[in-house]
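Computed over heavy atoms, backbone and side chain alike; hydrogens, waters and symmetry mates excluded. Every chain is numbered from 1, with letters handed out A, B, ... down the list of sequences.
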Amino acid sequence: MPEPTPSALSNNPIPLPKDQLLEAYRTMRTIRDFEERLHVEFAKGDIPGFVHLYAGEEACATGVMMHLTDIDRIASTHRGHGHCIAKGVDVGEMMAEIYGKETGSCRGKGGSMHIADLSKGMMGANGILGAGAPLICGAGLAAKFRGDGGVGITFFGDGAANQGTVLESMNLAAIWNLPVIFVIENNGYAEATSVTYATAVDSYVDRATGFGLPAVSVDGTDFFAVHKAAGDLIAKARGGGGPAVLECKMSRFFGHFEGDSQTYKAKGENEFNRANRDCLKIFADRVTAAGVVSEAEIALLDREVASLIDDAVTSAKAAPLPAARDLLSDVYVSY
Amino acid sequence: MPEPTPSALSNNPIPLPKDQLLEAYRTMRTIRDFEERLHVEFAKGDIPGFVHLYAGEEACATGVMMHLTDIDRIASTHRGHGHCIAKGVDVGEMMAEIYGKETGSCRGKGGSMHIADLSKGMMGANGILGAGAPLICGAGLAAKFRGDGGVGITFFGDGAANQGTVLESMNLAAIWNLPVIFVIENNGYAEATSVTYATAVDSYVDRATGFGLPAVSVDGTDFFAVHKAAGDLIAKARGGGGPAVLECKMSRFFGHFEGDSQTYKAKGENEFNRANRDCLKIFADRVTAAGVVSEAEIALLDREVASLIDDAVTSAKAAPLPAARDLLSDVYVSY
Amino acid sequence: MARKLSFKMAINEALDLEMRRDPSVILLGEDIVGGSGAPGEKDAWGGVLGVTKGLYAKHGNRLLDTPLSESAYIGAAVGAAACGMRPVAELMFLDFMGVCFDQILNQAAKFRYMFGGKATTPVVIRAMVGAGFRAAAQHSQMLTPMFTHVPGLKVVCPSNAYDAKGLLIQSIRDDDPVIFCEHKNLYGHEVDVPTEAYAIPFGEANVVRDGKDVTIVSYGLTVHRAMDAAAALSRQHGIEAEVIDLRTLSPIDWDTVIESVENTGRLVVVDEAHPRCSIATDVAAYVAQQAFGALKAAPQMVTAPHTPVPFSPTLEDLYIPTAEAIAGAVLRTVPHALAA
Amino acid sequence: MARKLSFKMAINEALDLEMRRDPSVILLGEDIVGGSGAPGEKDAWGGVLGVTKGLYAKHGNRLLDTPLSESAYIGAAVGAAACGMRPVAELMFLDFMGVCFDQILNQAAKFRYMFGGKATTPVVIRAMVGAGFRAAAQHSQMLTPMFTHVPGLKVVCPSNAYDAKGLLIQSIRDDDPVIFCEHKNLYGHEVDVPTEAYAIPFGEANVVRDGKDVTIVSYGLTVHRAMDAAAALSRQHGIEAEVIDLRTLSPIDWDTVIESVENTGRLVVVDEAHPRCSIATDVAAYVAQQAFGALKAAPQMVTAPHTPVPFSPTLEDLYIPTAEAIAGAVLRTVPHALAA
Ligand SMILES: Cc1ncc(C[n+]2csc(CCOP(=O)(O)OP(=O)(O)O)c2C)c(N)n1
Ligand SMILES: Cc1ncc(C[n+]2csc(CCOP(=O)(O)OP(=O)(O)O)c2C)c(N)n1
Ligand SMILES: [Mg+2]
Ligand SMILES: [Mg+2]
């Protein structure tokens, strides 16, 4: 994959207005800081359960989600924090959820793998790989019946792309012409297994073709590439033009989950990715080199985000645990 | 789809030796007579349960199975009689099974949808669509581990081609380079639903490509086309060349199951197919026109098969029902 | 106004009425219309046994034929429900749950809890259950215990057309995911059914026969076998059995069951499912725990055997609990004097 | 020779020994090797929690990493078993059964019966079960009742390393399909385990504590909770509980359970599964039916609640049956005199 060089970038005009650039940067920085901080807090032993970090993949969630509003729905994955943040879920509530607190997005009952906020169109992180694909077909169907112009986006990894649920859903979305986009987050690994081992075909574009779906593959470290491709596909789907597949190729900076020794990676792979495939760095370099955003503005956003995350952690730690009676509530609407 | 015309055919040399032609015809005729007779007997009310007839599709089972021996394995479908017969399962035992008799292939416990004969490499008809695809990957894996040169073939319909199990299996077979062939029996309908409605892509070859598999699509009413394509793919798989997809396009002459009113078909569709897409007629015309097989030889085979089926029905009707104690046996090897 | 209506047509009517009432009700499933994309009749099938026949003519594109992709379309129903629709998905045979169970077990059933009470998933999954159709091991299972085990699901299994209509209407109006089990051998069974819409609340068992000597608890097809057994017991032994039709398995009406056993002191549970971890063990164990003092005899369970469903009619007829087996179990609960 | 070995390493050892003994044993699952196709270490993971770590070095390509396609690879294991192999497939978390259950429910479990006794399917499916790992609703379920319900399957759930090794060896040698449930919170638990291979027969429960006053029946992790409860009851109330570890749920050792209840007259069943149609109801109901005369008090069931598994540690700790809850249930079975 060609690495974008600063000089090449600075020759490109920046295709977005400044407020959107700042918004994009803030979102990506929020995700990054959220994840970096979780990494630190997890190591302290404060955070229970399985935690899968999205750091390195921020441009994908952000580039897609900037085209959506609350009426649009997303179905996410086990690695869902980035999707949540980009879809507008409250960062404080998310943090509290990950700490298992009463004030969490799911009142402490879901945890990292099940953060949801239906009022924001976020239908849930999901511990079952590929499970979001059928669900988002349902969201697309609902939007179609209501004629509200909403679209549905499901995210899944290169590994989950081999789940029958996902494959069936591509066909279903195609024959029903649903306003649904399947976003493959190809970070090269499913847990410790390489995509080259697990997936028979070299290109997910070919796989999409096999389901009658148009597909685009982009460099997922390039926010602008994701934003443009996602924008085109989403606009088309919204207009009744049907579903599509978007592949974003990028790298996860941490292990599969916190605690992963990562020995399946090449020596120096994480360092290389941090240096060369960091979507935040690439974005900041490009917009500052173009002179559209100043380094000071970036620094200000960094500080604002840092304090947001600080506050989130502080509040989460201080928040009350769920009450014992919560064990039995919320199973049914009525029973 | 171009219809082979007798004149075009007679110009082609017949690519198989006479004994194989007679064998092919005998197999196809046996399947046809078996099914035509079941249609009649079912209408009398003598046969219990769901019965799905294979008539019209004989060239597919036969053209594929002629390349196999008992060490090769097949996993079949709800429409499995043709696969069983072509794989060498005893016709008398099959008929007894369909009548629910003690002397049946499965001692009356399986019925039409579950006929199996593992000694013949027939791993079972299957009432669950697409279920044979994972199973045949296992057969291929076993053959690979044992190095016995066996191959596995799974059959499934145009409808079942949209089952996640099938799609996952294509990927699995590809990455493990299993000696497995996926045969799509495209008869245009899944129950009452058209393949054009249910399947997003126009060509199953494209779908196979999406899983890194080579694929061939043939006219399934042309025994020679099936035989040639299957032979090539099977030889390659046997030699370690990996899995492939074979699509056979053809028509079922009866309803989805016995009792189907078939009003979803076009007016005259069955008659047209009987007249123009009858693999037996096409085969017989071609080999007799070429002068390789005489009409008398065909007639003799017809008579032999007719009496075989007659005997099968007579014996099946006369055979004893399972004993009450059989209800509880055969659940476990030991318990 | 009521008239005789078959179980099958009662379901059809319930779907029709609810679709008229509520535009968010949609139907999806394999060949529930039948003929999609095909050159012949459009509404060719109305489901594999004709249960939805005619609804396409009335409601058009609110019925969707699906590809043979149960995970995708059952999941789509779940997803659409979470987005405000009231989908009724047909999973032709409940036996097919094996290819799509995750969307029920880990998605529909768990959303509300995992999301801290913030999700509502009013999906209905209709499916055929039960043996006796000569459909063999993969098309004849009961499987109600598996769904009843799952918190977050409601499980319904009516025994007659009246209940089928009222319970299906309730299922559609209900805000939780419902597994609606239709015994295929009841489709032709007719009782009086009102023409108008009515909802039967969940968790209310039906005492279909009063009796003082023994309580027989069942659901679905075997309710009729239990009634036959009760009639025979009355005739032959003067034993009066109270027969309870659970109607809904989750929630289950423990009060009615316990109250009856407190009167009769004897319990026989009849379940067409396999014996282990079944509705039979569920009811027997709960009663033993909650009403031990009332029990005058060991509770008896009459179930299908621990075997797959056999194909051969002679074997299959032995598979489903018979009236004789039920009567035999009742006799095991009564003292010899009474059984005389 | 025996030495302390963890539950996790006991499983590893059983797999190693059986692979040495029998070339038809192969292993497949997601990341059971780990690192396939990746640039770094080949045997990088050995399963998500390291259970199969090191086996690749010993047995090479007889371990296969799989894509995330549970239907395909669980089904491939089933198919390979029907063709003479003895595959041990890992379904990481039993919760994932929802995406591949058909290959277990309708294929592996039914082949032998549907094919008239002519098939043998010696497949083992290993999977993690149970709560307490802060893994939330989709990675913490017990689900043993669903598998126990299915004729044709055997279901194993060991409580300690010794049993895990012996039962896994038996599972691999067994000619029927086996669901082998590993409680993830027992992986670190150590007991003395012989180095050599040994098989523990199925259907033989283990009486892990003798007692005359009450019978506590359990399996898996909650056996330890039951032992804690028994110790506390003895200390605080002089009540001596007999504790039975079922070890295998299908087949189940009714004889040992019934015999114990005939001695004690009291039964408490402890099950980490949800309450409805559970192992708890199964045991309580069967005992009530078969040993009613011996029961001096209502059988008690202690189960997880009818809720998904919550994430928050404080809630999850309330979810699994505690020793206190078990002791409380025991006290409900004894007369006040004894409980004094
Ligand atoms: C159905 C199912 N199978 C397996 C798992 C276990 N699992 C969780 S994440 C993961 C790897 C996912 O890889 P990929 O889809 O590429 O996403 P990534 O983690 O790389 O973002 C696996 C195997 C699961 N959660 N669900
Ligand atoms: C998993 C599953 N879903 C649905 C069915 C019901 N069913 C049986 S055959 C059939 C249509 C099959 O169509 P196709 O695959 O094209 O095969 P054909 O009948 O045309 O040979 C359906 C929907 C089933 N048996 N299994
Ligand atoms: Mg990945
Ligand atoms: Mg077809």
Side-chain angles (χ1 to χ4, degrees), chain C residues 71 95-107 109-110 112-114 136-138 141 143-146 148-152 249-250 252 269 273-293 295 297-301 305-311, chain D residues 71 95-107 109-110 112-114 136-138 141 143-146 148-152 249-250 252 269 273-293 295 297-301 305-311:
Chain C
S71 276
D95 312 64
F96 303 164
M97 55 85 86
V99 297
C100 62
F101 194 35
D102 183 71
Q103 293 291 328
I104 302 169
L105 170 71
N106 286 324
Q107 313 301 326
K110 294 189 173 42
R112 189 166 183 83
Y113 193 82
M114 291 194 305
Q138 295 174 336
Q141 295 166 88
L143 299 180
T144 41
M146 293 190 184
T148 301
H149 182 67
V150 181
L249 304 173
S250 181
I252 183 169
V269 197
H274 307 295
R276 305 292 315 280
C277 303
S278 57
I279 303 295
T281 69
D282 196 62
V283 173
Y286 190 80
V287 168
Q289 178 173 299
Q290 299 299 318
F292 185 72
L295 280 173
Q300 299 294 319
M301 297 180 281
H306 188 66
T307 75
V309 182
F311 165 66
Chain D
S71 275
D95 313 63
F96 303 164
M97 56 84 87
V99 296
C100 61
F101 193 36
D102 183 71
Q103 293 290 328
I104 302 169
L105 170 72
N106 285 326
Q107 313 301 326
K110 294 190 174 42
R112 191 168 182 80
Y113 194 83
M114 289 194 305
Q138 296 173 336
Q141 296 166 86
L143 299 181
T144 40
M146 292 189 187
T148 301
H149 182 68
V150 181
L249 304 173
S250 181
I252 183 167
V269 196
H274 307 294
R276 304 292 316 279
C277 304
S278 58
I279 304 294
T281 67
D282 196 61
V283 174
Y286 190 80
V287 168
Q289 177 172 301
Q290 299 298 318
F292 184 73
L295 280 175
Q300 299 293 319
M301 297 179 280
H306 189 66
T307 75
V309 182
F311 165 65

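- Proximity to chain D involves both the backbone and the side chain of C:P310, based on heavy atoms less than 4.5 angstrom apart.
- The side-chain contact (heavy atoms from CB on, under 4.5 Å) search around D:H149 returns C:P145, C:M146, C:A273, C:H274, C:S278, not counting sequence neighbours.
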Evaluation steps, side-chain contact (heavy atoms from CB on, under 4.5 Å), between D:T281 and C:V283: CA-CA 8 Å; D:T281 67; C:V283 173; over 6 Å; no

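- Between chain C and the residues D:P305, D:A297, D:A280, the most heavy-atom pairs under 4.5 angstrom are made by D:A297.
- With a 4.5 angstrom heavy-atom cutoff, C:Q103 does not touch chain D via any of its atoms.
- In terms of heavy-atom pairs under 4.5 Å with chain C, the best-connected choice from D:M97, D:Q300, D:M114, D:Q107 is D:Q300.
- Rounded to the nearest 0.5 angstrom, C:Y113 OH and D:F311 CZ are separated by 12.5 Å.
- The contact between C:A288 and chain D is made by backbone and side chain atoms together, counting heavy-atom distances below 4.5 Å.
- Taking CG of C:D282 as the start and CG of D:D282 as the end, the distance is 10.5 Å to the nearest 0.5 Å.
- Within the 4.5 angstrom heavy-atom criterion, atoms from both the backbone and the side chain of C:V150 approach chain D.
- D:N106 contributes no side-chain N or O that, together with a main-chain N or O of C:F96, makes up a donor-acceptor pair within less than 3.5 Å.
- Heavy atoms closer than 4.5 Å to chain D are found nowhere in C:T144, neither backbone nor side chain.
- Contact of C:S71 with chain D is not made at all, since no heavy-atom distance falls under 4.5 Å.
- Here D:C277 is the residue among D:G293, D:C277, D:A298, D:G98 with the most heavy-atom pairs under 4.5 Å with chain C.
- In this structure, a donor-acceptor pair under 3.5 Å is absent between the side chains of C:D102 and D:Q138.
- Contacts of C:L249 with chain D are made by backbone atoms alone, with heavy-atom separations under 4.5 Å and no side-chain atom involved.
- Here the side chains of C:I252 and D:R276 are in contact, with some heavy-atom distance below 4.5 Å.
- No side-chain heavy atom of D:F101 sits under 4.5 Å from any side-chain heavy atom of C:C100.
- For C:Y286, the side-chain contact (heavy atoms from CB on, under 4.5 Å) partners at least two apart in sequence or on another chain are C:W254, C:I258, C:Q290.
- By the 4.5 Å heavy-atom criterion applied to side chains, C:V99 and D:V99 are not counted as neighbours.
- The shortest heavy-atom contact between D:H306 and C:T148 is CE1-O, 3.9 Å.
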